[in-house]
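To start, the structure under review is shown below, and the notes come after it.
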Amino acid sequence: MSITLTDQDTFTLRTAAWGAVSLMAAAAVAGSPHKAATEGAIALASATGLVGHVLTKAPKGLNSKSTAALADKVLPALTAAMNLLKKQAPAEADNFRSTVIVSIEASARPQKGEPSPTMAEMARKITGALDAA
């Protein structure tokens, strides 16, 4: 089965995945946001299948004035991406979800010891948005 994504579909998937990494970097502000973003980006770049092809680059327009404004874009995009993939390519929905989960886990990795409560809460919100589909 071949799946054809529109430009809007591709934008939604990119906004969701790259936005999740951006949210984790924002939550790492007390530690090392740059390292969190780098680790998350490496995880996204390691994706395979259709998801890997789509996530080769970040979308434009993820810059926001606040973490709340970023979350307002990203969390709904995560749910929309899962809904889209569940309808068009269920195996890719699982691939997308696991790719995002690995990227948020990788983003939390630069922290010494356990992820901070802020990062753990952001990861919970991201996972919740993925699972809301």
Side-chain angles (χ1 to χ4, degrees):
M1 175 181 154
S2 176
I3 179 172
T4 303
L5 297 175
T6 67
D7 289 343
Q8 182 60 47
D9 295 341
T10 299
F11 180 77
T12 298
L13 294 173
R14 287 178 178 165
T15 298
W18 287 95
V21 169
S22 295
L23 285 172
M24 291 301 289
V29 72
S32 179
H34 177 74
K35 286 182 182 177
T38 299
E39 292 291 331
I42 290 168
L44 292 181
S46 300
T48 58
L50 173 70
V51 169
H53 291 287
V54 170
L55 299 181
T56 56
K57 62 181 181 176
K60 295 185 188 307
L62 276 182
N63 297 335
S64 294
K65 293 185 183 227
S66 69
T67 303
L70 180 60
D72 288 345
K73 293 179 194 175
V74 174
L75 297 177
L78 286 160
T79 303
M82 288 299 295
N83 282 327
L84 167 77
L85 291 172
K86 281 181 178 181
K87 287 179 186 169
Q88 294 191 30
E92 286 300 323
D94 293 339
N95 184 19
F96 181 81
R97 185 184 187 285
S98 65
T99 297
V100 172
I101 295 298
V102 168
S103 74
I104 63 176
E105 289 172 354
S107 294
R109 198 178 90 180
Q111 304 297 311
K112 291 184 170 53
E114 294 289 317
S116 70
T118 308
M119 291 189 81
E121 178 62 12
M122 188 61 74
R124 187 195 64 74
K125 289 176 182 179
I126 291 167
T127 303
L130 287 168
D131 294 343

Main chain of [Y], side chain of [X]: is a donor-acceptor contact present, judged purely on distance under 3.5 Å?
X	Y	result
S103	G40	no
K86	A93	no
T127	R124	no
T15	A77	no

Any side-chain heavy atom of [X] within less than 4.5 Å of one from [Y]?
X	Y	result
L5	L84	yes
F11	T6	no
V21	V100	no
M119	I104	no
L13	L85	yes
D131	M82	no
T99	L55	yes
L23	L75	yes

- Task: Working to the nearest 0.5 Å, report the span between CD1 of I3 and NZ of K87.
- Result: 12.0 Å

- To the nearest 0.5 Å, tell me how far M24 CE sits from R109 CZ. 13.0 Å

Between [X] and [Y], which heavy-atom pair has the shortest distance, and what is it?
X	Y	answer
N83	A133	OD1-CB, 3.2 Å
A36	A25	CB-CA, 4.1 Å
S22	L70	CB-CD2, 3.7 Å
T56	G52	CG2-O, 3.3 Å

- Report whether I101 and M122 are members of the same hydrophobic cluster (ILVMFWY, side-chain heavy atoms less than 4.5 Å apart, transitive linking). yes

- Query: Could you walk me through whether L62 and V74 pass the side chain to side chain contact (heavy atoms under 4.5 Å, CB included) check?
  - Reply: CA-CA 9 Å; L62 276 182; V74 174; 4.3 Å; yes

- Query: For F96 and L130, what are the C-alpha separation, side-chain angles and deciding distance, and is it a side chain to side chain contact (heavy atoms under 4.5 Å, CB included)?
  - Reply: CA-CA 9 Å; F96 181 81; L130 287 168; 4.0 Å; yes

- Contacts of type side chain to side chain donor-acceptor pair (under 3.5 Å), residue K73, not counting sequence neighbours: S64

- Message: Quick one, V29 with T67, criterion side chain to side chain contact (heavy atoms under 4.5 Å, CB included). Give me CA distance, side-chain angles, the key distance, then yes/no.
- Response: CA-CA 11 Å; V29 72; T67 303; over 6 Å; no

- Query: Does the side chain of T12 pick up a donor-acceptor pair with the side chain of D9 at under 3.5 Å?
  - Reply: no

- Begin from the C-alpha positions of L44 and R14 and carry the test side chain to side chain contact (heavy atoms under 4.5 Å, CB included) through to its verdict. CA-CA 10 Å; L44 292 181; R14 287 178 178 165; over 6 Å; no

